[in-house]
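Worksheet: one structure, shown below.
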Amino acid sequence: MTRRALITGITGQDGSYLADYLLGLGYEVHGLVRRVALEAPESRFSRIAHILDRVTLHPASLESYASIFHVLSKYEFDECYHLAAQSFVAESFADGFSTMNMNINGTHYVLAALREVRPSCRFYFAGSSEMFGNATEVPQKETTPFQPRSPYGISKLAGFHLTRNYRDAYGLYCLSGILFNHESPRRGLEFVTRKTTTTVARIKLGLASELRIGNLDARRDWGHARDYVRAMHTILQQREPDDFVIATGETHSVRELCELAFAEVDLDYREFVKIDERYYRPAEVDQLIGDASKARRVLEWEPTYTFSELIKEMVASDLALVRASIH
Ligand code: NAP
Ligand code: F7E
């Protein structure tokens, strides 16, 4: 029988790749979108334009329990991937209240509505390595204590605990993926990888002269979103619900990212990168590196992209996009 999945945040980077992946597996895919997305489809649907005729979209907001309840009552969903969130860490410092409201209450609304009308639907929560924050253990795994350093990290930790509590208290099949940074040509322009690769393309094609950036020494474990959505699906197919760290096990600095991205177009990053303190965070997470050995062992999950393949693909994609915008 055809399986039916609901993706909140289907218009985002992960939601769009997950929709591609689930359609490929023969799923009936539904997405929850903000009304504004329906009103400005050209820009808001750019990542799912190629599958719009194959997915069913429902207007709903993370701020409205009623809208979420309504969608969940209408269809018998087998799986729910809760990816919608205010996902930009820097923005969470600028407006911690909105981030908390959306990410904590939004998650609670989805869980509460599922419990009410679809208790048999499996639920995936998009947890984050930002929950580890100032980690006391290197590399970080499922048992590493959480020490979030941003309102975003705190909101994700609350969502993680809500998810665990619904599992323990009400017996729902619900779990969290604790995903380290994952990127792609569909990454939002504000995140450091995409900001770098798109600016590299603009510099190469004569449309920009510098890349203004913050902390070059921050280190992250960067994987490819395509690999990570595959992990989301596999996590939800296990007999018992359980939480998993998903990561590559490698860490690279923002400086290395810049060096690599500029080298792709035969430029020296030192000539173009300018430090701009506006991009420093009030509390930085200096380094993250994940230990995904449990996922490798239990899920047989492995990343297929290396860091340099990821950055190569992003630079090539941004060069093509910028070229197309010129002609
Ligand atoms: P993203 O590109 O920023 O996508 C976020 C999605 O959430 C978009 O579809 C957005 O809709 C939707 N959304 C935001 N506020 C909403 C609201 N009030 N009501 C309904 N929808 C709302 O994020 P992503 O990179 O795909 O990440 C997916 C999830 O994984 C997020 O929860 C993120 O926090 C988490 N995560 C990401 C990473 C990573 O490295 N990418 C790592 C760990 C965890 P619009 O298109 O309308 O804005
Ligand atoms: O920053 C440093 C910045 O914004 C990465 C989200 O998907 O992954 C993402 O969160 C690092 C930080 O991602 C700039 O200070 C330097 O140390 O690309 P980012 P993030 O904050 O790691 C986690 C796992 C999530 O869950 C989130 O949803 O790069 N950095 N200079 C900069 N960052 C940005 N954005 N811009 C700069 O100019």
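Because only heavy atoms are used, hydrogens play no part in the values below, and waters and symmetry mates are left out as well, while side chains stay in. Quick caveat: nothing in here was measured; it's all calculated off a predicted structure. As the structure lists them, so they are numbered: ligands from 1, and atoms in each ligand from 1.
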Please say whether [X] places an N or O atom under 3.5 Å from an N or O atom belonging to ligand 2.
| X | value |
| --- | --- |
| R187 | yes |
| E284 | yes |
| T193 | no |
| W222 | no |
| L179 | no |
| A218 | no |
| K195 | yes |

Fill in: SB check K312 E264 (cutoff 4.0 Å)
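Counted as a salt bridge, because a side-chain N and a carboxylate O are separated by less than 4.0 Å.
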Among protein heavy atoms, which lies nearest [atom], and at what distance?
| atom | answer |
| --- | --- |
| atom 8 (O) of ligand 2 | N181 ND2, 3.1 Å |
| atom 22 (C) of ligand 1 | R34 NE, 3.6 Å |
| atom 46 (O) of ligand 1 | T11 OG1, 2.5 Å |

If the cut-off is 4.0 Å to any non-hydrogen atom of [X], which atoms of ligand 1 fall inside it?
| X | result |
| --- | --- |
| R187 | 25 (O), 39 (C), 40 (O), 41 (N) |
| G127 | 43 (C), 44 (C) |
| S128 | 43 (C), 44 (C) |
| A126 | 29 (C), 30 (O), 32 (O), 35 (C) |

Test of understanding: given a 4.0 Å heavy-atom threshold, classify the contact between [X] and ligand 1 as side chain, backbone, both, or neither.
| X | answer |
| --- | --- |
| H182 | both |
| R44 | side chain |
| Y152 | side chain |

Should [X] be listed as contacting ligand 2, given a heavy-atom distance under 4.0 Å as the test?
| X | answer |
| --- | --- |
| S129 | yes |
| R255 | no |
| Y280 | no |

With heavy atoms only and a cut-off of under 4.0 Å, state how [X] meets ligand 2: side chain, backbone, both or neither.
| X | value |
| --- | --- |
| F88 | side chain |
| I213 | both |
| V254 | side chain |
| Y279 | side chain |

Practice prompt. Begin with the C-alpha distance, continue with both residues' side-chain angles, and end with the deciding distance and a verdict on ring-ring contact (aromatic ring centres under 6.0 Å, His included) for Y21 and Y27.
Written response: CA-CA 9 Å; Y21 185 66; Y27 275 70; 8.6 Å; no
Discussion item. ring-ring contact (aromatic ring centres under 6.0 Å, His included), that's the test. Do F88 and F191 meet it? Break it down for me.
Written reply: CA-CA 8 Å; F88 190 34; F191 299 93; 5.2 Å; yes
Discussion item. Would K141 and F132 count as a cation-pi pair here, with the cationic atom under 6.0 angstrom from the ring centre and within 45° of the axis?
Written reply: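 K141 over F132 ring: no.
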Item to complete: For the pair H161 and F146, name the ring-plane relationship: parallel under 30°, tilted 30 to 60°, perpendicular over 60°.
Response: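 Taking F146 first and then H161, their aromatic rings stand perpendicular (interplane angle over 60°).
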Worksheet item: Would you call the rings of F77 and Y75 parallel, tilted or perpendicular, where under 30° means parallel and over 60° means perpendicular?
Response: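 Tilted: the ring planes of F77 and Y75 meet at 30° to 60°.
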Practice prompt. Give a yes/no on ligand 1: does K156 have at least one heavy atom closer than 4.0 angstrom to it?
Written response: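 Right, K156 reaches ligand 1.
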Worksheet item: S129: heavy atom below 4.0 Å from ligand 1, yes or no?
Response: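 No, S129 has no heavy atoms under 4.0 Å from ligand 1.
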Item to complete: Using a strict cut-off of 4.0 Å, indicate which atoms of ligand 2 neighbour a heavy atom of G214.
Response: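 Listed by number with element: 14 (C), 16 (C), 31 (N), 38 (O).
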